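Input: a single structure, listed below in structure tokens.
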Amino acid sequence: MAALRASLPGSVTLPAGCGKTELIAGLVAATAADGGTALVLTHTHAGVDALRRRMKKFEVPREQVVIRTIDAWSFDLISHFPQLAELKVQSAPDWDQAKAYHQGAARVATTKAVVRMLRLSYDVVLVDEYQDCLVDQHGLAMAVAQAVPTAVLGDPLQSLFNFGGNEPVDWDAHVRPNFPHVEVGYRPRRWPHNEELGTWLIALRENLIEGRPVDLGNGPITWIRRDSPRTFVQICFRALKLDGSVAVLGQFRNDCVSAASNLQGAYSVMEAIDEKVPARLADIVDSKLGAQAAKALVEFAVNATAGLATHIPSAKRNRLGNGQTFTTTKDELRAAYAAINDVRSSCTPAAIRVALREIADLPGVTIHCREAWYEVTRSVAVAETDECSVAEALVLTRNHARVAGRRSSDRVVSRPLLVKGLEYDHVVVLDPGRYSAQELYVALSRGSRSVTVISDNAVLSARKIAGSTAT
């Protein structure tokens, strides 16, 4: 730690579970002990939550550390100085403009007045999960580093933002020339109850980087042959009896929603902060086309829950969307059906709120997409109170989550992209045959006590490294 403090600007590369978050917290604590203040930037609200918990462990005074996502901090900067950013900044962020926000924030950070402000505000800046920085975010980090001593920390083998036209940083081309490498000793820390697993994961890195096959049968993990698409169900129910937290990992959101549905709400789906499903629903209900909105609302509820499809089968959902009679003969369903019909006849936030409440109260219905459900119900309540559109309310709800974070869950179904930077006691990896090298490494390194992998074969073929992953 002392070597890094004396070498800023600098970069540190550490494998998963080998003390990166501990190093960040130690640097912040040392800065606070000297009377200074640190700015810590990361990429996800889950990462923000994890860092805040670690600061509490190190007893860092809240007033001496600021922890934000890069996006949120960038928007704050350009909001305060729109002319310096050379941008027209709305009151609420439009994250489709994230690249422009980062570039504008970089312009702001290099002006004399803001350089002085940054130097008065912070004594050190730490950027976590730097392998996930896009090139425009890297430009912002370099601008900030001109004003305040800055360290960037990450691991190229955990780079997961190589999709959708993203241009992530290249460790050799972008990082090391601007943030020289600082060697930091490390050891596996995440696995005090399973040291063999930690040692195996560090050794696994070379196989993944070199593109060699991975033999799951020879590692200190549990491998289970995937005999059918439902092989995981019994394994995941059994995992509920384990002490500690459990994460079940799929590759895409559809994998997670399907798995959570089969697990009958015992696990909750972890969502991306910009998940499109609630946004699409908000746009439909704002259209005020009652039949379409009512059907979209019910389809959202069916996909977010287990047990609802038996109460409102697809044939009835189609009748609902076509404006045909939508009724039931079952007394326990009448209130929900009536509330859904009210949405069709009067698509207001109040009607939607009541319909969601009645649906959630139906017998045998459990919600597994709890974060998406909360986003929708919260946004509908805000739209009702503030007399705005549900889409506008959803933006407010998400911006609040970016600042305040979300509640963690001990039983989640998620994706490597979303759990990166987090740790669980036990991890169950579902069918990793399609994973990239980075996805596989992130998935296998999340569990501190046990890792169970369900796949067709014990030996996974050579993993492809997605994007540029210099080491």
Side-chain angles (χ1 to χ4, degrees), residues 4-11 24 27-28 30-32 34-45 47-48 51-52 55 60-130 132-154 167-169 174-175 177-180 395 399-400 402-404:
L4 181 57
R5 289 187 76 190
S7 304
L8 302 182
S11 63
I24 291 172
L27 284 166
V28 172
T31 300
D34 291 340
T37 300
L39 170 64
V40 183
L41 300 176
T42 188
H43 290 271
T44 66
H45 74 277
V48 169
L51 285 163
R52 285 175 177 164
M55 297 306 160
V60 176
R62 293 181 63 180
E63 64 273 13
Q64 288 183 268
V65 59
V66 175
I67 307 174
R68 302 292 303 279
T69 65
I70 296 174
D71 285 351
W73 191 77
S74 298
F75 187 77
D76 283 352
L77 200 59
I78 64 173
S79 296
H80 284 94
F81 305 100
Q83 290 183 324
L84 297 179
E86 301 175 14
L87 291 173
K88 184 177 180 180
V89 183
Q90 304 295 328
S91 58
D94 174 4
W95 295 111
D96 290 336
Q97 304 300 315
K99 182 175 182 178
Y101 293 167
H102 302 146
Q103 293 172 339
R107 287 191 288 270
V108 172
T110 56
T111 61
K112 289 183 179 179
V114 176
V115 166
R116 288 197 300 271
M117 181 195 76
L118 291 172
R119 287 174 176 168
L120 288 171
S121 301
Y122 308 114
D123 296 274
V124 66
V125 175
L126 308 174
V127 188
D128 192 16
E129 304 291 355
Y130 205 74
D132 291 329
C133 274
L134 305 181
V135 169
D136 48 281
Q137 293 171 318
H138 172 64
L140 172 60
M142 289 198 299
V144 171
Q146 295 177 35
V148 184
T150 299
V152 303
L153 304 95
E167 186 181 359
V169 294
H174 298 118
V175 180
N178 298 289
F179 298 96
V395 170
N399 288 340
H400 175 76
R402 284 186 168 93
V403 175

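Everything numeric in this text was worked out from a predicted model, so none of it was measured.
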When rounded to the nearest 0.5 angstrom, what distance separates CD in Q90 from CZ in F75? 8.0 Å

Decide yes or no for Q146 and L118: does some side-chain heavy atom of the first lie under 4.5 Å from some side-chain heavy atom of the second? no

Rounded to the nearest 0.5 Å, what separation is found between the NZ atom of K88 and the CD atom of Q83? 13.5 Å

Specify the closest pair of heavy atoms between A147 and V115, including all atoms of both residues, with the distance to one decimal. CB-CG1, 3.9 Å

Could you walk me through whether F179 and V127 pass the side chain to side chain contact (heavy atoms under 4.5 Å, CB included) check? CA-CA 11 Å; F179 298 96; V127 188; over 6 Å; no

State the CG-CG distance between D123 and L39, to the nearest 0.5 angstrom. 11.0 Å

Heavy-atom pair with the smallest gap, counting every atom of A109 and V114: CA-CG1, 4.0 Å

Full working for side chain to side chain contact (heavy atoms under 4.5 Å, CB included) between L153 and I24: CA-CA 9 Å; L153 304 95; I24 291 172; 4.0 Å; yes

Start with the C-alpha distance between T111 and F81, add both sets of side-chain angles, then the distance that settles side chain to side chain contact (heavy atoms under 4.5 Å, CB included), and finish with yes or no. CA-CA 10 Å; T111 61; F81 305 100; over 6 Å; no

Backbone N or O of G36 within a donor-acceptor pair of the D34 side chain at under 3.5 Å? no

Say you draw a straight line from OG1 of T150 to CG of N178; how long is it, rounded to the nearest 0.5 Å? 11.5 Å

Looking only at heavy atoms, which two atoms of P180 and P9 are closest? And how far apart? CD-O, 3.4 Å

From I78 CD1 over to E86 CD, what is the distance, rounded to the nearest 0.5 angstrom? 12.0 Å

Here the pair of heavy atoms bringing Q103 nearest to D136 is CG-CB, 4.2 Å

Compare all side-chain heavy atoms of Q64 with those of T31 and state whether any distance is below 4.5 angstrom. no

Please tell me if the side chains of R107 and L87 come closer than 4.5 Å, counting only heavy atoms from C-beta onward. yes

Is there side-chain contact between V144 and Y122, with heavy atoms separated by less than 4.5 Å? no

Taking side chain as C-beta onward, heavy atoms only, is Y130 less than 4.5 Å from S11? no

Any heavy-atom pair between the side chains of D94 and Y101 that's under 4.5 Å? yes

More than 12 foreign heavy atoms under 6.0 Å from CD of E63: is that the case here? yes

Return the CG to CD1 distance between D128 and I70, rounded to the nearest 0.5 Å. 9.0 Å

Are side-chain N/O atoms of D71 and H43 paired as donor and acceptor at under 3.5 Å? no

Scanning both residues in full, the closest heavy-atom pair of S121 with T37 reads O-CB, 3.5 Å

Looking at L41, is its backbone amide N or carbonyl O close enough to the side chain of R68 to form a donor-acceptor pair, meaning the two atoms are under 3.5 Å apart? no

Just so I know, are the side chains of L126 and V28 near enough to count as touching, which here means a heavy-atom distance under 4.5 Å? yes

Okay, side chain of H138, backbone of H174: is any donor-acceptor separation there less than 3.5 Å? yes

Nearest heavy-atom neighbours spanning G47 and T42: C-CG2, 3.9 Å

Start with the C-alpha distance between M117 and V108, add both sets of side-chain angles, then the distance that settles side chain to side chain contact (heavy atoms under 4.5 Å, CB included), and finish with yes or no. CA-CA 11 Å; M117 181 195 76; V108 172; over 6 Å; no

